[in-house]
Protein chains: 2
Amino acid sequence: MKDVAAEAGVALKTVSRVVNNEPGVNAATADRVRAAIERLGYSRNESARVLRQGRTSSIGLVIEDVGDPFYSGVSRAVEDVAIRHGSLVLSGSSAEEPARERELVLTFCARRVDGLIVVPAGADHSYLRSELAAGTPAVFVDRPAGPGLDVDTVLCDNRGGARMATAHLLAHGHRRIAFLGDSPTIYTAGEREHGYREALGDLVDERLISMAHPELDRVRADLDRMLGMDDPPTALFTGNGRLTMTVLRALAGRRMALIGFDDFELADLLSPGVSVVSQDSAGLGRVSAELLFRRIAGGGGPAERVQLPVRLIPRGSGELPPEAPRSS
Amino acid sequence: MKDVAAEAGVALKTVSRVVNNEPGVNAATADRVRAAIERLGYSRNESARVLRQGRTSSIGLVIEDVGDPFYSGVSRAVEDVAIRHGSLVLSGSSAEEPARERELVLTFCARRVDGLIVVPAGADHSYLRSELAAGTPAVFVDRPAGPGLDVDTVLCDNRGGARMATAHLLAHGHRRIAFLGDSPTIYTAGEREHGYREALGDLVDERLISMAHPELDRVRADLDRMLGMDDPPTALFTGNGRLTMTVLRALAGRRMALIGFDDFELADLLSPGVSVVSQDSAGLGRVSAELLFRRIAGGGGPAERVQLPVRLIPRGSGELPPEAPRSS
DNA sequence: GGACCCTCTGACAACGTTGTCAGCAGGCAG
DNA sequence: CTGCCTGCTGACAACGTTGTCAGAGGGTCC
């Protein structure tokens, strides 16, 4: 910028004014400056601008794994909203490790992001308190923050969705419905288990509940155990997309009523099509990003808690009757 | 930092030394400083550090769409390598629009990223020349850079993979093999088409070639046209993952030999399993990121061009004989 | 006692921007 | 002619950090 000023024969500040389209610069002077910028291939150093203004125009996004379709949907939606607000997205995957989540968040804060969107891996977020107090807003997505942290939260209706799925299977005549879910330490897993129990009432049988994900071997073992029982389940309810696929593989073509939580590509092409409770991952990302930018713009008020609806998509597998004839 | 210095009763520079673990600070003094940091909840402002040192410890990643499983695989691998090098990843989706690609790259450069990883959407990258000259290294992934740009490039063996797939179908007795591919403006699509033509030789029939993606309606129309011919294709070769799924849906259960370029989740669960040419998306990300960090560290030498192998995974659909009995 | 070295500490400038304020020229009213 | 306003421009400080260099205090050696 100094060089540009020299080249155009004006002061530093005048170049700054031209670069920022500030009014009050003579058109001829501005043209001269622009020509100089062109000649020198100058581009403003955003780092310095950030330092001076205290606004980075970037937000931090911590998710569990960009590679997972559910989270990459969230990620893409956040990015779109951010672009619209002239912001960039710094993102990182926590890999479900609280320590890595913490490290990412603190790194983002050190870079002075304008705000944070977090899918928490851990349960303790006290490390965020000082950042929040310092004025960096945060929005928690998919799972709520640990106790004592008063932040905006955007969730799916996990419990309602699980209730809906279980009720759907009950309505199709099933009485022995198994639940295969994530580790109960994960919020969404607990909620879905609750919804399942609520819908099932007296019909709950603890032996038909397995919450072992992500240890897929244990999931498979539990499934085998259940299928070998005297009174085996006639229907399965799986607690997330990855589990649904694992179970489909473990069933190896065996026809059995099944509903999965979380939709996935190609669920419609299997035979029968896999009925699912669909979560709106893009909505999750969009709503949370919009909430965050409202806070960044100074929007006050108490912490909000938004719950997005889920949708049951019947495709065949969830509508199979009990004791369906075994194929192959 | 100023406050910390005052609190601890030392000079600014001493705090800086402690924060950076520089040697030559009395242990007692250091402890006092650390205590002050703790009390005040101080965290270093990276923006200022960046400004002073000229290194941002961040890289820019431009891909086509984070939501696409292939690219999110790349993305995740890049992130892992970056973390290992103490860098953060700024990422953005070009949505296959050259203008957006350019804007993202220039935004990243203005933020003085240490390097760039780009899946190019456009064919003209002359806008990058000045940035490269200014010392910001770049690595192109999945597709090469436009003409006249001498940068490191990491590609898959698109042509070889297509040749392999087509030869596989030929070996199973097919002579009428259709190719449904991406728009020919996309590098990978052209390469795959070439491979297909090379393997097919004299058997090429222009009426069996459709390169209309991403307009899925046109793909479906082309497929219908081909299937309605007097001498319809007995096998299909699809040019990317999304196309494979579109075609599978359009076939609506109709049994027909098929090989897809690019693997996808659940390809093994369909019946028959979908044979694919699998690209190593994680490898693409990892290799390109490692190459980039070697450049950032000052690694010289001429631009490298790495080609990663692909793998044919037979799952059933690619092994169906011609004139297979029509199911359903 | 003086020269020297070593350890620890601090003052100051610089990175590249932008906000504040002052100054200059010219026009216009009184 | 004076005073004031308007339009344009520039000098300077400040953002928070780090690199450079200098200095203070104490010990060692001749």
Side-chain angles (χ1 to χ4, degrees), chain A residues 1-37 40-58 86 106-114 131 134-136, chain B residues 1-37 40-58 86 106-114 131 134-136:
Chain A
M1 183 142 153
K2 208 168 52 182
D3 298 340
V4 173
E7 173 85 11
V10 297
L12 220 55
K13 180 66 213 189
T14 302
V15 179
S16 169
R17 272 191 265 259
V18 172
V19 169
N20 293 295
N21 288 317
E22 284 176 39
V25 177
N26 186 298
T29 315
D31 282 346
R32 227 168 57 236
V33 172
R34 270 189 285 267
I37 287 177
L40 274 63
Y42 161 82
S43 101
R44 175 170 61 195
N45 183 324
E46 291 293 328
S47 310
R49 176 170 229 248
V50 161
L51 176 59
R52 190 65 234 268
Q53 304 202 318
R55 266 288 186 93
T56 57
S57 293
S58 60
L106 293 180
T107 307
F108 290 159
C109 286
R111 303 232 174 179
R112 298 293 187 269
V113 293
D114 297 337
E131 306 297 340
T136 306
Chain B
M1 184 145 153
K2 210 169 49 181
D3 299 339
V4 173
E7 173 85 11
V10 298
L12 220 54
K13 180 65 212 190
T14 301
V15 179
S16 170
R17 273 192 264 259
V18 172
V19 170
N20 293 295
N21 287 318
E22 284 176 39
V25 178
N26 186 299
T29 315
D31 283 346
R32 228 168 57 237
V33 171
R34 271 189 285 269
I37 287 176
L40 274 62
Y42 161 83
S43 103
R44 176 170 62 194
N45 183 326
E46 290 295 326
S47 308
R49 175 170 229 246
V50 161
L51 176 59
R52 191 65 233 266
Q53 303 203 318
R55 265 290 186 91
T56 57
S57 293
S58 60
L106 293 180
T107 307
F108 289 158
C109 286
R111 303 231 174 179
R112 297 295 187 269
V113 292
D114 297 338
E131 307 297 341
T136 307

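All chains are named by letter (A, B, ...) in the order of the sequence lines, taking the proteins before the strands, and each is independently numbered beginning at 1. Worth saying up front: this structure is predicted, and the values here are computed from it rather than measured.
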Colleague: Quick one: side chain to side chain donor-acceptor pair (under 3.5 Å) pairs with a partner in residues 23-33 of chain A, sequence neighbours left out?
Modeller: A:D31-A:R34
Colleague: In whole Å, what is the span from the CZ atom of A:R49 to the C1' atom of C:dT17?
Modeller: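 Atom-to-atom, A:R49 to C:dT17, this comes out as 9 Å.
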Colleague: Is A:Q53 near enough to C:dG19 that one of its side-chain N or O atoms lies under 4.0 angstrom from OP1 or OP2?
Modeller: yes
Colleague: How many angstroms lie between CZ in B:R112 and CG in B:L51, if you round to the nearest 0.5 Å?
Modeller: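 Between atom CZ of B:R112 and atom CG of B:L51 there are 10.5 Å.
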Colleague: Hey, mind stepping through B:T56 and B:R111 against side-chain contact (heavy atoms from CB on, under 4.5 Å) and telling me if it holds?
Modeller: CA-CA 8 Å; B:T56 57; B:R111 303 231 174 179; over 6 Å; no
Colleague: Rounding to a whole Å, what distance do you find between A:L40:CG and C:dG16:C1'?
Modeller: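 Checked: the CG to C1' distance equals 15 Å.
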Colleague: Might you point out which heavy atoms bring A:A8 and A:A36 nearest each other, and give the distance in Å?
Modeller: CB-CB, 3.9 Å
Colleague: When you get a sec, tell me which of D:dG16, D:dG19, D:dT17 is the closest nucleotide to the side chain of A:L51?
Modeller: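 Selected nucleotide (nearest to the side chain): D:dG16.
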Colleague: Return a single string for nucleotides 22-28 of chain C, one symbol per nucleotide in 5' to 3' order, where B is base contact, S is sugar-phosphate-only contact and - is none, cutoff 4.0 angstrom on heavy atoms.
Modeller: -------
Colleague: Give B:E46 one of three labels, base, sugar-phosphate or nothing, depending on what nucleic acid heavy atoms sit under 4.0 Å from its own.
Modeller: nothing
Colleague: Any side-chain heavy atom of A:Q53 within less than 4.5 Å of one from B:S47?
Modeller: no
Colleague: What's the shortest heavy-atom distance between B:A30 and B:V18, and which atoms?
Modeller: CA-CG2, 4.0 Å
Colleague: If you round to the nearest 0.5 Å, how far is CE of B:M1 from CG of B:L40?
Modeller: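 One gets 13.0 Å once the value is rounded to the nearest 0.5 Å.
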Colleague: Which heavy atom in B:L12 sits nearest to a heavy atom in B:K2, and how many Å separate them?
Modeller: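 So the two residues come closest at CD1-CA, 3.4 Å.
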Colleague: Where is the tightest heavy-atom contact between A:T136 and A:V113, given as atom of each residue plus distance?
Modeller: CG2-O, 3.9 Å
Colleague: Could you please name the option among C:dT17, D:dT17, D:dC15 that lies closest to any side-chain atom of A:Y42?
Modeller: C:dT17
Colleague: Heavy atoms under 4.0 Å is the rule here; annotate nucleotides 5-14 of chain C 5' to 3' with B where the base is hit, S where only the sugar-phosphate is, and - elsewhere.
Modeller: ---SBBB-BB
Colleague: Specify the separation, in whole Å, of atom CD of B:E22 and atom C1' of D:dT17.
Modeller: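 Taking atom C1' of D:dT17 as the reference, CD of B:E22 is at 12 Å.
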Colleague: Can you name the residues that form a side-chain contact (heavy atoms from CB on, under 4.5 Å) with A:R44, not counting sequence neighbours?
Modeller: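 side-chain contact (heavy atoms from CB on, under 4.5 Å) list for A:R44, sorted by chain: A:V19, A:N20, A:Y42, A:E46, A:R49.
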Colleague: Report for the helix from C:dG1-D:dC30 to C:dG30-D:dC1: angle between first-end and last-end helix axes, five pairs each, rounded to 10 degrees.
Modeller: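 Inter-axis angle at the ends, rounded: 60°.
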Colleague: Output all residues satisfying side chain to side chain donor-acceptor pair (under 3.5 Å) with B:E131, sequence neighbours left out; order by chain, then residue number.
Modeller: none
Colleague: Measure from CG on B:N20 to C1' on D:dT17 and round the result to the nearest Å.
Modeller: 9 Å
Colleague: CG of B:D3 versus C1' of D:dC15: gap in Å, rounded?
Modeller: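 Rounded to whole Å, this separation is 14 Å.
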